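All figures in this text were calculated on a predicted structure; none of them were measured in a lab.
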Amino acid sequence: MRMLHTMLRVGNLEESLKFYCELLGMKLLRQKDYPGGEFTLAFVGYGDESDHTVLELTYNWGKEEYDLGDAYGHIAIGVDDIYATCNEIKARGGKVSREPGPMKHGSTVIAFVEDPNGYKVELIQLGTQGAQKQEAAEAASR
């Protein structure tokens, strides 16, 4: 078994595609309208669906807002240079809601950005998660 995709309902498909493809560097893998159900599905990701987990953006025609509630957390994306990535996102008009820095009670370097619908996307500096694993292993051995 493997994870295939995560689905997010979006209020404006074009804005969402711009965010995920232009700001976060994903590619539009496929898109299809379903007139009978009055919705459009767009799949985006960093690689082919055959071997990568992707995002399914679902646009229900005529529905522009959703109550995100308090159950949704975030999706996470690993980046090589979190500071440069956040600066680029801001320069292109994206919203960085938490500037890069170590996570609370840990050493993993993270930041948060928001998509046009208010969904949180966590950026994680690649190579810093190992320190967190080491800390967890040390805590477990005490």
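The shortest non-hydrogen separation linking Ser97 to Glu114 is CB-OE2, 3.7 Å. Taking both residues in full, the closest heavy atoms of Phe43 and Leu41 are given as CE1-CB, 4.0 Å, listed atom of the first, atom of the second, then distance. What you find for Asp51 and Arg2 is that their closest heavy atoms are N-NH2, 3.9 Å. A pairwise comparison of heavy atoms in His5 and Glu56 identifies NE2-OE1, 2.8 Å as the closest pair. Between Ser107 and Thr128 the shortest heavy-atom distance is O-CB, 4.2 Å. Heavy atoms only, all atoms of each residue included: Lys95 and Ile89 are closest at N-CG2, 4.3 Å.
Inter-residue side-chain proximity for Leu123 and Pro100 is flagged as unmet; no heavy-atom pair is nearer than 4.5 Å. Looking at heavy atoms from C-beta onward, Ile75 lies out of side-chain contact with Tyr119 at the 4.5 angstrom threshold. Within the 4.5 Å cutoff, the side chain of Gln31 has heavy atoms near those of the Thr40 side chain. Side chains of Leu24 and Tyr46 form a contact here, defined as non-hydrogen atoms less than 4.5 Å apart.
Here Asp81 contributes atom CG and Glu88 contributes atom CD; the two are 11.0 Å apart, rounded to the nearest 0.5 Å. Atoms OG1 and NZ, from Thr58 and Lys63 in turn, are 13.5 Å apart once rounded to the nearest 0.5 Å. Atom CD1 of Ile110 and atom CD of Glu122 lie 4.5 Å apart (nearest 0.5 Å). Of the inter-residue distances, the one linking Leu57 atom CG with Phe19 atom CZ reads 10.5 Å to the nearest 0.5 angstrom. The CG atom of Asp33 sits 5.0 Å away from the CH2 atom of Trp61 when rounded to the nearest 0.5 Å. Atom CD1 of Ile82 is separated from atom CD1 of Ile77 by 11.0 Å, given to the nearest 0.5 angstrom.
When the side chains of ILVMFWY residues are joined at heavy-atom separations under 4.5 Å, either directly or via intervening members, Tyr72 and Tyr20 end up in a single hydrophobic cluster. Each of Val121 and Ile124 belongs to its own hydrophobic cluster when Ile, Leu, Val, Met, Phe, Trp and Tyr are linked at side-chain heavy-atom distances under 4.5 angstrom. Tracing side-chain contacts under 4.5 Å through hydrophobic residues (I, L, V, M, F, W, Y), one reaches Val79 starting from Tyr83; they form part of the same cluster. By the criterion of side-chain heavy atoms lying less than 4.5 angstrom apart, applied directly or through intervening Ile, Leu, Val, Met, Phe, Trp or Tyr residues, Leu13 is not grouped with Met7; the two fall into different hydrophobic clusters. Under the 4.5 Å side-chain heavy-atom criterion for grouping Ile, Leu, Val, Met, Phe, Trp and Tyr, Leu68 is connected to Tyr59 within one hydrophobic cluster.
Under a cut-off of 6.0 angstrom, the local environment of NZ in Lys90 is crowded, with over 12 non-hydrogen atoms contributed by other residues, nucleotides or ligands. For CZ of Arg98, the number of neighbouring non-hydrogen atoms (other residues, nucleotides, ligands) closer than 6.0 Å is greater than 12. When the shell of 6.0 Å around CG of Asp80 is examined, it contains 12 or fewer heavy atoms from other residues, nucleotides or ligands.
Judged by distance alone, the side chains of Asn117 and Tyr66 never bring a donor and an acceptor atom under 3.5 Å apart.
Aromatic ring pairs are classed by plane angle as parallel below 30°, tilted from 30° to 60° and perpendicular above 60°; the pair His74 and Phe112 is perpendicular.
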